[in-house]
Amino acid sequence: NRWADLASTLEQRIDLQPDSEEELAALKFRLGRVLDEHENDKPRALDLYREVVTIVPEHDGARVALEAFLPVPTLGVAAAQILEPLYEVRSDWEALVRALEVLVVGTEEPERRLEILSKIGETCGAQIGDARRAFEAFGRALREAPEHEETLGRLEALATARDWWDDLVKLVEELAAAADDADLSR
């Protein structure tokens with residue numbers, strides 16, 4: 001298998017400690033591509049791409065390769081975790097929201113989901129300038145934690161600024177109707 005041979009050769013060159021960080025990143029990227037595209041070792045390829053962007057954060061090839069993992073159920077969350085800080089540094093807000101959406105789907109802890117959805121809301125509102133998407137994200141966050149006053153406050157601020165009180169009332173009524181807690185549903 002020529003691809004396995006190439007992978008082995010690249011690993012040997014990496015083990016020899018190349019002269020520059022850029023050369024090391026280039027070798028790891030090439031090895032990642034071989035493993036990803038020809039050897040079907042996507043988890044190892046993802047780890048190599050992570051190492052590449054750690055060495056050279058602006059490495060577009062590794063970023064694009066990581067983005068290809070976002071829809072992969074077993075690797076999407078790991079890819080999104082790697083990409084999140086890269087997108088923040090690049091101010092690539094739409095891409096950041098896409099990565100955060102993958103994290104929401106892959107996260108079971110309600111507190112972490114609240115945190116991610118709040119970050120989506122903040123990014124949509126402050127960086128992208130899309131108040132409607134911000135409102136929707138904060139609405140999803142409130143569904144995760146109906147008792148979270150800060151999230152309700154953000155929704156109230158958006159409702160006040162945009163005259164979206166009907167939307168907020170509808171959301172709160174939905175939450176009250178679905179609440180298990182008798183105090184919340186009153």
Using every non-hydrogen atom in the two residues, find where [X] and [Y] come nearest and quote the distance to one decimal.
X      : Y      : result
His59  : Ala62  : ND1-N, 3.0 Å
Leu46  : Leu75  : CD1-O, 3.8 Å
Ile55  : Ala25  : CG2-CB, 4.0 Å
Cys124 : Ala134 : CB-N, 3.7 Å
Gly139 : Leu155 : N-CD2, 3.7 Å

Would a distance-only check, ignoring hydrogens and angles, find a side-chain to backbone donor-acceptor pair under 3.5 Å from Lys42 to Asp36?
yes
Could you tell me whether a side-chain N or O of Arg113 sits under 3.5 Å from a main-chain N or O of Thr107, the two making a donor and an acceptor? yes
Out of curiosity, does [Y] fall in the hydrophobic cluster containing [X] (side-chain heavy atoms, cut-off under 4.5 Å, transitive links)?
X      : Y      : result
Leu10  : Val53  : no
Leu66  : Val104 : yes
Val172 : Leu117 : no
Leu35  : Trp3   : yes
Val102 : Val72  : yes

Flag the pair [X] / [Y] as yes when at least one side-chain heavy-atom distance between them is below 4.5 Å, and no otherwise.
X      : Y      : value
Phe138 : Leu152 : no
Pro43  : Asp41  : yes
Thr151 : Ser118 : yes
Glu39  : Asn1   : yes
Leu31  : Glu11  : yes
Leu175 : Leu171 : yes
Thr54  : Arg50  : yes

| message | Would Arg90 and Tyr87 count as a cation-pi pair here, with the cationic atom under 6.0 angstrom from the ring centre and within 45° of the axis? | response | no
Query raised in the report: Does Arg132 make a cation-pi contact with Trp164, if we ask for NZ or CZ under 6.0 Å from the ring centre and within 45° of the axis?
Result: yes
Salt bridge or not between [X] and [Y]? Use side-chain N to carboxylate O under 4.0 Å.
X      : Y      : value
Glu144 : Arg112 : no
Glu149 : Arg154 : no
Arg143 : Glu174 : yes
Arg63  : Asp60  : yes

For a salt bridge (Lys or Arg N to Asp or Glu O under 4.0 Å) check, start with the C-alpha distance between Lys119 and Glu84, then their side-chain angles and the critical distance, and finish with the verdict. CA-CA 11 Å; Lys119 187 170 183 175; Glu84 179 183 0; 2.4 Å; yes
Could you tell me the separation between the [atom1] atom of [X] and the [atom2] atom of [Y], rounded to the nearest 0.5 Å?
X      : Y      : atom1 : atom2 : answer
Leu100 : Ile120 : CG    : CD1   : 5.0 Å
Leu24  : Ile14  : CG    : CD1   : 6.5 Å
Leu48  : Arg33  : CG    : CZ    : 12.5 Å
Ile82  : Glu51  : CD1   : CD    : 10.0 Å
Leu27  : Thr9   : CG    : OG1   : 11.0 Å
Arg98  : Trp93  : CZ    : CH2   : 13.5 Å

Residues, nucleotides or ligands: over 12 heavy atoms within 6.0 Å of Asp15 CG = yes
Q) Parallel, tilted or perpendicular: which fits the ring planes of Phe29 and Tyr49, with parallel below 30° and perpendicular above 60°? A) tilted
